[in-house]
Novice: 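Structure incoming, see below.
Throughout, a chain's letter reflects where its sequence line sits, starting with A, and its residues are numbered from 1. Everything numeric here is computed off the predicted structure, so don't read it as measured data. Worth knowing before you read on, the calculation uses all heavy atoms, side chains too, and leaves out hydrogens, waters and symmetry mates.
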Number of protein chains: 2
Amino acid sequence: MKKKKVSITDLAKELNVTPSTVSRALNGLGNISTKRKEQIVNLAQKYGYRPNHIAKSMVSNKTFNIGLILPEFTHNYFNNILAGIESITYQKGYQLLICTSDALKEKEEKSCMTLLDARVDGILAAAGNSSDNLDHFSKIIDYGTPLVLLDRICEDLNTSYVITNDFDGAFEAVQYLIDSGCHNIVHIKGPDYISTSFNRFLGYQQALKKNSLNYREELVIAGDSEFFLDDVNNILNTFPIDGFFAFSDYNAYEVVKVLKQRDCKIPEDISVIGYADEPLAQYISPQLSTVKQPAYEIGKRAAEILLKIIEENIEVPMTEQLKTSLVHRETTKNKFISI
Amino acid sequence: MKKKKVSITDLAKELNVTPSTVSRALNGLGNISTKRKEQIVNLAQKYGYRPNHIAKSMVSNKTFNIGLILPEFTHNYFNNILAGIESITYQKGYQLLICTSDALKEKEEKSCMTLLDARVDGILAAAGNSSDNLDHFSKIIDYGTPLVLLDRICEDLNTSYVITNDFDGAFEAVQYLIDSGCHNIVHIKGPDYISTSFNRFLGYQQALKKNSLNYREELVIAGDSEFFLDDVNNILNTFPIDGFFAFSDYNAYEVVKVLKQRDCKIPEDISVIGYADEPLAQYISPQLSTVKQPAYEIGKRAAEILLKIIEENIEVPMTEQLKTSLVHRETTKNKFISI
DNA sequence: TTGAAAGCGTTACCAT
DNA sequence: ATGGTAACGCTTTCAA
């Protein structure tokens with residue numbers, strides 16, 4: 001059974017003073033005689049008094065809670081974001097209220113309301129996939145609750161963002177493939193409804209263009225298609241493919257599996273680059289070259305920005321873009337030395 | 001800037017009724033004329049009224065928040081636990097306040113106090129490694145806050161538990177190795193300060209004994225030693241090893257790497273079994289046989305038990321033990337058929 | 001230096 | 001059917 005905890009009023013009664021006096025003593029604010037203070041503090045100690053945060057929140061209108069909405073926690077990417085966020089919130093004395101959205105709009109909407117109802121001081125969210133209806137996020141903004149969005153930019157939402165540049169990440173990867181001698185590069189495309197899919201796809205196209213290689217629609221496969229494996233095999237049967245740039249490490253892994261089945265030499269015959277640097281990239285063999293996103297940093301910066309907004313009452317949205325980096329492992333060749 | 005939200009009192013004023021009336025209308029409790037009710041509900045709708053959970057908590061002494069303390073979120077094991085927990089709390093309308101302890105006693109202690117101060121309705125925790133000082137958990141119990149511990153049993157703590165049977169899991173794994181023809185089985189032991197290490201170690205010993213195989217101290221290696229790789233090589237040079245049972249998939253992975261370097265045939269020459277069924281078990285090659293812990297189920301059951309305690313005011317601690325299962329992949333041979 | 005009172009938003013109980 | 005009041009635990013302002 002939950003025990004009643006001792007309150008400021010309880011202490012006050014026992015010492016024949018008023019709650020205000022006790023409050024002052026315990027918070028070290030206002031004038032109070034050293035003797036009284038000592039007396040009060042000792043009694044508080046004796047009873048193991050703990051301030052009631054709920055009551056504090058009522059009067060201060062501040063909860064020291066931060067809401068966090070993430071699609072899920074099974075990808076290492078989001079775990080690292082979480083770790084980054086926590087490194088900041090922990091140190092600043094904020095607690096994290098977490099909601100997983102499963103990338104479902106319905107859950108995402110509900111989470112927003114829940115967090116708003118919980119009166120969190122601010123919200124960090126990685127928008128799920130549905131880019132169409134962002135009303136729930138607008139609502140957060142309308143309510144005046146600070147919001148920092150991670151990962152994807154939502155054009156219509158005038159708020160703060162911490163993102164990575166998917167275009168650049170993709171561009172760099174494909175440029176690397178080209179520099180190491182690939183000319184017929186397949187792109188495994190991400191789900192249509194995510195902006196990152198589009199940006200990586202764009203990076204792929206631009207890198208080809210920059211190097212005077214033709215973009216060919218036939219060399220693009222949907223990574224989430226049910227015929228994915230067939231598509232990969234077909235394309236390998238039809239074209240002299242020498243490189244793959246995949247939307248995700250998981251897609252890349254599937255490709256590698258097919259390639260191994262077909263006894264292709266990786267990377268001599270065909271190079272593969274994934275995206276995200278999930279742990280599996282290091283565990284599979286050959287180890288996967290991939291585009292690393294600074295997930296921990298993203299979380300950290302997002303939390304820093306959010307707390308800055310909360311604590312300094314900043315009104316102007318800020319956007320911060322973090323750099324990706326290409327991790328060269330065993331599925332890519334060395335670059336040719338260009339003179 | 002955070003906007004002031006409309007309150008019951010605001011609504012009451014605008015309609016020239018008292019807050020109590022508005023409260024009744026909005027909660028559908030007590031007597032109220034249909035007309036009034038409609039009027040109030042409409043106005044609430046119009047202003048987008050949202051009840052203030054903080055205020056509700058003040059009077060009800062209930063927050064609908066559950067505290068969760070986990071060592072970290074990078075292992076899939078804990079993510080799955082989280083997912084399992086969330087599946088229940090979400091559905092029952094509770095929010096999760098999470099704290100990562102990094103398996104540090106200090107952070108663990110602080111987390112307990114933080115959650116208690118936040119007046120959570122209950123706490124779920126996977127105790128970190130230090131099994132010596134459990135005062136912080138006792139404090140939770142003393143405060144009368146329901147507590148369910150995951151993963152490890154802490155002898156001195158009279159509270160509810162959801163655990164898996166490490167002894168059985170280990171026993172089954174080693175029995176399998178023996179059944180498939182292994183006689184010289186190495187055990188990679190986990191960190192000394194975790195109870196699970198000890199239980200798996202015990203399972204290993206008992207399985208040997210049951211099968212009239214001698215337990216030999218020389219065949220046990222500490223998985224967290226800095227000389228781990230050397231130790232593995234030494235043991236392979238010295239004894240005719242034909243099997244490994246590792247405390248974790250990570251340890252097992254290291255062993256597999258060494259074995260591959262030495263051109264051992266897996267599993268023909270040497271079998272390997274890991275523990276936990278982390279994703280890497282499926283990604284490495286050969287795919288790792290391992291003992292699967294029902295992480296999602298653990299989280300789910302723990303949350304169910306906690307909510308039952310909270311909502312039904314149950315005082316008697318309950319312990320639930322979940323079964324592990326052996327996942328047979330490519331690092332183990334088939335069992336001999338015994339007649 | 002200390003006390004008294006109001007208020008944060010809500011509910012519950014007792015009157016009317 | 002509705003109003004009034006107290007209460008939850010704390011802070012803050014004003015008065016003594």
Novice: Apply side chain to side chain donor-acceptor pair (under 3.5 Å) to the pair A/T63 and A/D121, showing each step before the final yes or no.
Specialist: CA-CA 6 Å; A/T63 57; A/D121 294 339; 3.3 Å; yes
Novice: Any base atoms under 4.0 Å from A/N31, or only sugar-phosphate, or nothing? Heavy atoms, all strands.
Specialist: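 Base: the residue A/N31, judged by heavy atoms under 4.0 Å, touches a nucleobase.
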Novice: Measure from the side chain of A/V17, starting at C-beta and using heavy atoms only, and say which of D/dG4, C/dT2, C/dG3 lies closest.
Specialist: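 The answer is C/dG3, which lies nearest to the side chain.
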Novice: Indicate, with a heavy-atom threshold strictly under 4.0 Å, whether B/N16 touches base, sugar-phosphate, or nothing.
Specialist: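 Sugar-phosphate, no base atom in range.
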Novice: Can you figure out which of C/dT2, D/dC10, C/dT11 approaches the side chain of A/N52 most closely?
Specialist: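 So the nucleotide nearest the side chain must be D/dC10.
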Novice: If you check the B/I8 side chain, which of C/dG9, C/dC13, C/dT10 turns out closest?
Specialist: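 Closest nucleotide among those given: C/dT10.
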Novice: Which residue, B/K5 or A/I32, contacts DNA chain C at a nucleotide closer to its 5' end, judged by nearest heavy atom?
Specialist: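 Nearest nucleotide further toward 5': that of A/I32.
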Novice: Tell me whether the side-chain N/O atoms of B/T21 come closer than 4.0 Å to OP1 or OP2 in D/dT2.
Specialist: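 No, no such contact exists.
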Novice: Taking the side chain as every heavy atom from C-beta outward, state whether A/E320 and A/L322 have any atom pair closer than 4.5 Å.
Specialist: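 In short, these two side chains touch, coming nearer than 4.5 Å.
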Novice: With a 3.5 Å cut-off and no angle check, do the side chains of B/T21 and B/T18 form a donor-acceptor pair?
Specialist: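 Note: B/T21 and B/T18 side chains meet the donor-acceptor criterion.
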Novice: Heavy atoms under 4.0 Å, any strand shown: does B/N27 hit a base, just sugar-phosphate, or nothing?
Specialist: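 The answer is sugar-phosphate, as B/N27 gets under 4.0 Å only of primed atoms, P, OP1 or OP2.
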Novice: Taking the side chain of B/S7 as heavy atoms from C-beta outward, which of D/dT11, D/dT2, C/dG9 is closest to it?
Specialist: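 Of all the options, the side chain of B/S7 is nearest to C/dG9.
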Novice: Rounded off to whole Å, could you give me the CG-to-C1' distance for the A/D10 and D/dA7 pair?
Specialist: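 One finds 14 Å between C1' of D/dA7 and CG of A/D10, rounded.
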Novice: Would you kindly give the CG-to-P distance between B/L15 and D/dA1, to the nearest whole Å?
Specialist: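 Distance check: B/L15 CG to D/dA1 P gives 18 Å.
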Novice: Look at atom CD of A/Q45 and say whether more than 12 heavy atoms of other residues, nucleotides or ligands are closer to it than 6.0 Å.
Specialist: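 It does not: A/Q45 CD has 12 such atoms or fewer within range.
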Novice: Which residue, A/S20 or B/P19, contacts DNA chain D at a nucleotide closer to its 5' end, judged by nearest heavy atom?
Specialist: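 Its nearest nucleotide being more 5', the pick is B/P19.
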Novice: Kindly say if B/R24 contacts the phosphate of C/dT11, meaning a side-chain N or O under 4.0 Å from OP1 or OP2.
Specialist: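 It does not, given that no N or O in the side chain of B/R24 lies less than 4.0 Å from OP1 or OP2 of C/dT11.
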Novice: Nearest whole Å is fine: how far is C/dT10 C1' from A/D117 CG?
Specialist: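 It works out to 14 Å between those atoms.
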Novice: OP1 or OP2 of C/dT2 versus the side-chain N and O atoms of A/R36: is any pair under 4.0 Å?
Specialist: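 Checking C/dT2 against A/R36, a side-chain N or O does come within under 4.0 Å of OP1 or OP2.
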Novice: Return the nearest nucleotide to the side chain of B/K4; candidates are D/dC10, C/dG9, D/dT2.
Specialist: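 Looking only at heavy atoms from C-beta outward on B/K4, the closest nucleotide is C/dG9.
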Novice: So, applying side chain to side chain contact (heavy atoms under 4.5 Å, CB included) with A/P146, which one of A/I309, A/I123, A/V120 is it?
Specialist: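 Between A/P146 and the candidates, side chain to side chain contact (heavy atoms under 4.5 Å, CB included) is satisfied uniquely by A/I309.
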Novice: Expressed as a whole number of angstroms, how long is the span from A/K35:NZ to C/dT2:C1'?
Specialist: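 Atom-to-atom, A/K35 to C/dT2, this comes out as 14 Å.
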Novice: Under 4.0 Å between any heavy atoms, over every strand shown, what does B/S33 touch: base, sugar-phosphate, or nothing? Just pick one.
Specialist: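 Answer is sugar-phosphate: B/S33 comes under 4.0 Å of backbone atoms only.
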Novice: For the pair made of CZ in A/R119 and P in C/dG9, what is the distance, rounded to whole Å?
Specialist: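 Interatomic distance, CZ of A/R119 to P of C/dG9: 8 Å.
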Novice: Is it true that atom NZ of A/K139 has more than 12 heavy atoms of other residues, nucleotides or ligands lying nearer than 6.0 Å?
Specialist: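 No.
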Novice: What's B/T18 touching, base or sugar-phosphate or nothing? Going by heavy atoms closer than 4.0 Å.
Specialist: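 B/T18: base contact, heavy atoms under 4.0 Å.
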Novice: Could you give the CG-to-C1' distance, from A/N61 to D/dC10, as a whole number of Å?
Specialist: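 About 14 Å, once rounded to whole Å.
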Novice: Rounded to whole angstroms, how far apart are CD1 on A/I54 and P on C/dT10?
Specialist: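 About 15 Å, once rounded to whole Å.
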Novice: Assign A/K62 to base, sugar-phosphate, or nothing according to its heavy-atom contacts below 4.0 angstrom with the strands shown.
Specialist: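 Counting heavy atoms under 4.0 Å across all strands, no contact is made by A/K62.
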Novice: Within this structure, what is the CE-to-P distance between A/M58 and D/dT11, rounded to whole angstrom?
Specialist: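 Rounding to the nearest Å, CE of A/M58 and P of D/dT11 are 13 Å apart.
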